There are 2 protein chains.
Amino acid sequence: MNKEKEDRRVIYTKMFLRESLLELMKNKPIGKITPTELCRHANINRNTFYSHYDSPEALLGSIEEELYERIKHSLEQTLKTGNIPKFLSEICQAIYMNGDLCKTILSDYGDKAFLKRILDLAHDKSISAWKASGISEDMERLELLYAFSTAGSIAVIEKWIQDGMKLSPEEIAVFIGKMLQNSARNLKSK
Amino acid sequence: MNKEKEDRRVIYTKMFLRESLLELMKNKPIGKITPTELCRHANINRNTFYSHYDSPEALLGSIEEELYERIKHSLEQTLKTGNIPKFLSEICQAIYMNGDLCKTILSDYGDKAFLKRILDLAHDKSISAWKASGISEDMERLELLYAFSTAGSIAVIEKWIQDGMKLSPEEIAVFIGKMLQNSARNLKSK
DNA sequence: TAAATAATCAACAACCAGTTCGATAATTTT
DNA sequence: AAAATTATCGAACTGGTTGTTGATTATTTA
């Protein structure tokens, strides 16, 4: 990434903007947050904001990108092995570790597509694993199964976060694992 | 509902506004559609729009409400029986029947919550059916199971629509039925 | 045809979006 | 420490949207 050390002023500015945006996102979706509003809250000149980002959406994008890369990196090893249950477990763990940030980004007003992007890291592995285990040869069915599985998993994770992450990451991962196992098996026993 | 027959002008005005909104929603989410833009497209005075609706969101709300009531009504009988597979099948059928409208409302730029609202008509029936079959007594688990099931079902339906509704409503319903089948069993064999 | 209702038009003040400018302050380099 | 660089700021400006007003015109209904 960008290794050139940034001016201290820039670092502070971006920090204030990031925190303000996440704060505002607790009350309204990103699309309803204006640059003016954001800058007022962050006590940053609107001009300064524009010299760093094109829009609040772009700022959110950069926040998400950083989180995405962080999580992706932590999943790298497991991803290679194709061990889906472990993959899910580590995702839950990573979310748990980045609790504050995830609570906002994955909330009602957050970005519904973010978590999907992460699960999609294992899209190909999932499909080929199902194919190998003889669940189906029909690509369309497998994609439907994948759509069902990921959406269901995301919903469970979101509900988990929404309810205050009372269960442990491991418990949630085990639960999702059971759900997935069942869906796949049902498709097979046609 | 409001049975007073409306002025013909009012009917036309609302018709133009509805069609324009659905047209614009093919290209951008509701939150990004301004009253000005909508009225220009519909060739309706902005003032007239405000005399009927508070915002584009409110207009969409009224469109959705009408569709919701229509679908809800067609599900009434089945809902009483608690026959979930038939319930799902009829939902798919209803979506198929209202294809044009659903394509927009349930698209990427549409309202993610709409379909959930319909499925939620069977929330209590689902939970109590699971409870009766002894899957679990733990309410939290049951709610997680419900979250997983509905989100997965919605994803499959949305993908079905997105891919052009090539499969028949019945085929999709059967597929979803399989996914949901025995989601219990796994949870049970804890 | 007259009365009631609806749509239109024009104009309003308040706000936001981006952009430019020059002044000021902080930081880095020499 | 002084000079050069860079970031922030405040102000101003154009062009746009918002939601509301009151007056006017067209349509419907009685």
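Because the structure is a prediction, the values reported are computed rather than measured.
Evaluation of the side-chain hydrogen bond (donor to acceptor under 3.5 Å, both in side chains) test over residues 109-127 of chain B, restricted to residues two or more places apart or in two chains, returns B:Glu65-B:Arg117, B:Lys116-B:Asp120, B:Asp120-B:Tyr146, B:His123-B:Glu143.
An OP1 or OP2 oxygen of D:dA7 is reached within less than 4.0 angstrom by no side-chain nitrogen or oxygen of A:Ser51. Applying the 4.0 Å criterion to OP1 and OP2 of C:dT24, one finds that A:Arg9 has every side-chain N and O outside that range.
In this structure, the side chain to side chain contact (heavy atoms under 4.5 Å, CB included) partners of B:Ser20, at least two apart in sequence or on a different chain, are B:Leu38, B:His41, B:Ala42. Under the side chain to side chain contact (heavy atoms under 4.5 Å, CB included) criterion, B:Pro35 pairs with B:Phe49, B:Tyr50, B:Pro56, not counting sequence neighbours.
Computed from coordinates, the B:Asn45 CG to D:dT21 P distance equals 15 Å when rounded to whole Å. One interatomic measurement links the two molecules: CD1 of A:Ile11 to P of D:dT8, which rounds to 11 Å at whole-angstrom precision. Summarising the geometry, the separation between CZ on B:Phe16 and P on C:dA7 is reported as 12 Å, rounded to the nearest angstrom. Taking atom OH of residue A:Tyr53 and atom P of nucleotide D:dA7, one finds them 13 Å apart after rounding to whole Å. For the pair B:Arg8 CZ and D:dT27 C1', the computed distance is 9 Å after rounding to whole Å. The CD atom of B:Glu57 sits 13 Å away from the C1' atom of D:dT18 (whole-angstrom rounding). Note: CG (B:Leu38) to P (D:dT17) measures 13 Å, nearest angstrom.
Heavy-atom distances to DNA chain D give each of A:Arg46 and A:His52 a nearest nucleotide, and the one nearer the 5′ end belongs to A:His52. Nearest-nucleotide assignment on DNA chain D puts the 5′-proximal partner with A:Lys14, out of A:Lys14 and B:Pro35.
Five base pairs at each end of the helix from C:dT1-D:dA30 to C:dT30-D:dA1 define two local axes, and these are offset by 30° (rounded to 10°).
Picking from C:dC16, C:dA17, D:dT8 the nucleotide with the shortest atom distance to the side chain of A:Tyr50 gives C:dA17. The B:Thr34 side chain lies nearest to D:dT17 when the options are D:dA7, D:dT17, C:dT8.
Counted by atom type alone, B:Ser107 and B:Gln162 present zero donor-acceptor pairs between their side chains at under 3.5 Å.
The neighbour count for B:Met97 CE, taken as heavy atoms of other residues, nucleotides or ligands under 6.0 Å away, does not exceed 12.
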Restricting both atoms to N or O, compile the protein contacts to nucleotides 20-23 of chain C shorter than 3.5 Å, with distance only.
unit_1, atom_1, unit_2, atom_2, d
C:dT20, O4, A:Asn47, ND2, 2.4
C:dC21, N4, A:Asn47, ND2, 3.4

Distance-only criterion, 3.5 Å: show the donor-acceptor pairs between side-chain atoms of residues 72-79 of chain A and protein atoms not counting sequence neighbours.
unit_1, atom_1, unit_2, atom_2, d
A:Ser74, OG, A:Ile71, O, 2.8
A:Thr78, OG1, A:Glu90, OE1, 2.8
A:Thr78, OG1, A:Glu90, OE2, 2.8

